[in-house]
Amino acid sequence: MSIQKPKGTQDLLPGEVEKWQYLESKARELCQRFNYKEIRSPIFESTELFSRGVGETTDIVEKEMYTFMDKGDRSISLRPEGTAGVVRAFVENKLYGIPDLTKLYYIGPMFRYEQPQAGRYRQFHQFGIEAFGSVDPSIDAEVIALGYTFYKEIGLKEVTVEINSVGTPSVRTAYREQLQAFFAPVKEKLCKDCQSRYDRNPMRILDCKIDAKYGEGAPDILEFLDEECTTHFNQVKEHLAAMDIPFRINPRLVRGLDYYTHTAFEYKAAGIGAIDTIGGGGRYNGLVGQIGGHGTDQPGVGLGLGLERILLVLQAQGVEIPKPEPLDVYLIGLGEAAEKQITKLLQQLRVQGLKAEKDYQGRKMKAQMKSADRFNATYVAILGDDELERGEITLKKMDTGTQVTVSLADLAANAAKTLFA
Ligand code: HAM
């Protein structure tokens with residue numbers, strides 16, 4: 001059998017990849033406006049970074065990481081998410097010493113060994129941001145606003161923002177106890193995963209679709225928030241309202257990663273079968289110190305948006321992504337001398353910034369014209385040996401079919417002016 005791509009991965013071919021380039025360029029441009037700078041950190045890291053950062057008892061670390069020993073006997077994992085690596089880079093490069101906030105963004109592949117389905121892959125891509133150095137609720141709101149603005153600007157409709165506060169570790173300890181007491185009578189009836197979550201991470205039971213009926217009437221974390229948490233949450237809401245970002249409070253919102261404190265949020269949109277979460281994030285005070293140790297700690301807040309899911313929802317909503325620009329000119333040489341001249345002209349046009357192409361397969365004129373059509377060329381430039389002797393070349397405008405003869409020297413010297421003036 002021939003070799004096939006690994007399960008849960010995708011080949012992004014021309015025709016499709018332009019949509020990715022479009023999303024990526026929109027993300028970069030948006031980050032410039034919000035003053036986030038790009039960071040590129042490794043795709044693989046020490047396994048310990050993720051067990052310490054993302055959390056030992058999360059599904060991601062327990063079941064979903066691509067972990068292997070390298071030839072130097074180090075345990076390495078492909079990154080299942082972006083935050084831990086960015087935090088490591090922040091610490092290792094001593095960015096915590098910078099007086100301004102450090103606002104970073106990244107776009108790239110992440111890896112999780114999950115059961116593939118529509119919108120769930122083993123290699124997927126995130127556009128993520130992380131802002132370090134402030135506990136101000138306005139930065140939580142800024143992060144939420146950036147994600148929302150991104151979705152709006154690429155044309156996604158009906159995106160819902162859900163927010164919650166997951167409090168601080170001490171708030172959660174009290175809440176966990178109450179949740180365990182609540183679930184104790186039905187513990188044996190919970191699914192296998194939730195039975196093990198019961199002891200280690202009972203908040204995750206609230207997130208389980210299978211056991212949703214047992215979660216009805218469970219206590220809300222919002223009732224357990226202390227004054228500091230409540231004030232922070234209220235201020236985030238006020239900033240969001242001031243920015244005209246619509247949101248819904250979901251006290252059941254539990255993220256699948258352990259590092260969150262205070263604000264947690266998700267973006268939801270319909271259109272990918274059973275999956276409706278297209279992005280998420282939150283605040284993570286304490287994570288930097290946990291990874292970097294004493295003296296490095298800085299609060300952080302960020303988000304991760306799944307690019308595959310965005311494209312699926314765009315498709316389901318019938319949103320057109322702008323098509324890439326067409327080829328400016330397709331050059332056809334008829335005869336030996338003319339063909340040589342075409343090679344030279346092609347290089348001259350490309351150097352001048354035009355998108356230009358020619359035939360490389362010795363095909364007849366008719367086949368070359370079809371090729372120009374497939375490339376959506378604006379012009380075809382046809383050069384025969386006779387024309388070459390006269391120093392001329394014929395231009396055919398593909399949409400109207402009109403033809404003109406122009407000076408070959410003029411085209412070579414200033415193609416843009418000759419074609420588009
Ligand atoms: P996350 O919720 O695990 O958060 O992932 C963020 C987004 O990545 C999801 O909402 C989804 O769109 C996409 N995603 C996750 N898993 C898959 C998958 N298997 N296939 C396709 N798309 C997927 C994080 O990763 C956090 N690091 C976000 C964050 C940044 N929090 C603070 N800063």
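Each ligand, and each atom within it, is numbered from 1 in the order the structure gives.
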Other residues, nucleotides and ligands only: do more than 12 of their heavy atoms fall within 6.0 Å of [atom1] on [X]?
X: E227; atom1: CD; result: no
X: K340; atom1: NZ; result: no
X: Y22; atom1: OH; result: yes
X: R350; atom1: CZ; result: yes
X: K397; atom1: NZ; result: yes

**Q.** Test of ring centre spacing under 6.0 Å for F68 and Y66
**A.** no
Proximal candidate to [atom] [heavy atom criterion; set [options]]:
atom: atom 27 (N) of ligand 1; options: E81, R255, E114; answer: E81
atom: atom 20 (N) of ligand 1; options: Y267, Y106, Y121; answer: Y121
atom: atom 6 (C) of ligand 1; options: E64, M110, Q126, Q123; answer: Q126

Which of the atoms of ligand 1 are close to [X], meaning less than 4.0 Å from one of its heavy atoms?
X: T277; result: 10 (O), 12 (O)
X: G280; result: 10 (O), 28 (C)
X: I278; result: 10 (O), 12 (O)
X: G119; result: 20 (N), 21 (C), 22 (N)
X: Y260; result: 26 (C), 28 (C), 29 (C), 31 (N), 32 (C)

Please list the nearest protein heavy atom to [atom] with its residue and the distance rounded to 0.1 Å.
atom: atom 11 (C) of ligand 1; value: R309 NH1, 3.4 Å
atom: atom 23 (C) of ligand 1; value: F124 CD1, 3.3 Å
atom: atom 7 (C) of ligand 1; value: G304 O, 3.6 Å
atom: atom 3 (O) of ligand 1; value: R112 NH2, 2.9 Å
atom: atom 30 (C) of ligand 1; value: T83 OG1, 3.0 Å

Examine ligand 1 and decide if any of its atoms is less than 4.0 Å from a heavy atom belonging to [X].
X: G128; value: no
X: G256; value: no
X: Y284; value: yes

Q. For the residue pair F375 and Y330, does the interplanar ring angle fall in the parallel (under 30°), tilted (30 to 60°) or perpendicular (over 60°) class?
A. parallel
Q: Give the ring-plane orientation class for F132 versus F90, where under 30° counts as parallel, over 60° as perpendicular and anything between as tilted.
A: parallel
Check: [X] N/O within less than 3.5 Å of ligand 1 N/O:
X: G306; value: yes
X: G279; value: yes
X: R120; value: no
X: G281; value: no
X: E130; value: yes

With a 4.0 Å cut-off, would you call [X] and [Y] a salt bridge?
X: R28; Y: E24; result: no
X: K268; Y: E266; result: yes
X: R172; Y: D258; result: no
X: R200; Y: E62; result: yes

**Q.** Lys NZ or Arg CZ of R122 over Y113 ring: under 6.0 Å, within 45°
**A.** yes
Q) In Å, rounded to the nearest 0.5 Å, how long is the span from OH of Y36 to CG of L104? A) 9.5 Å
Q. Given that the side chain starts at C-beta and the backbone is N, CA, C, O, which of these parts of L303 lies under 4.0 Å from ligand 1, counting heavy atoms, or is it both or neither?
A. backbone
Q) Quick one: does ligand 1 sit under 4.0 Å from the side chain of Y259, the backbone, both or neither, non-hydrogen atoms only? A) side chain
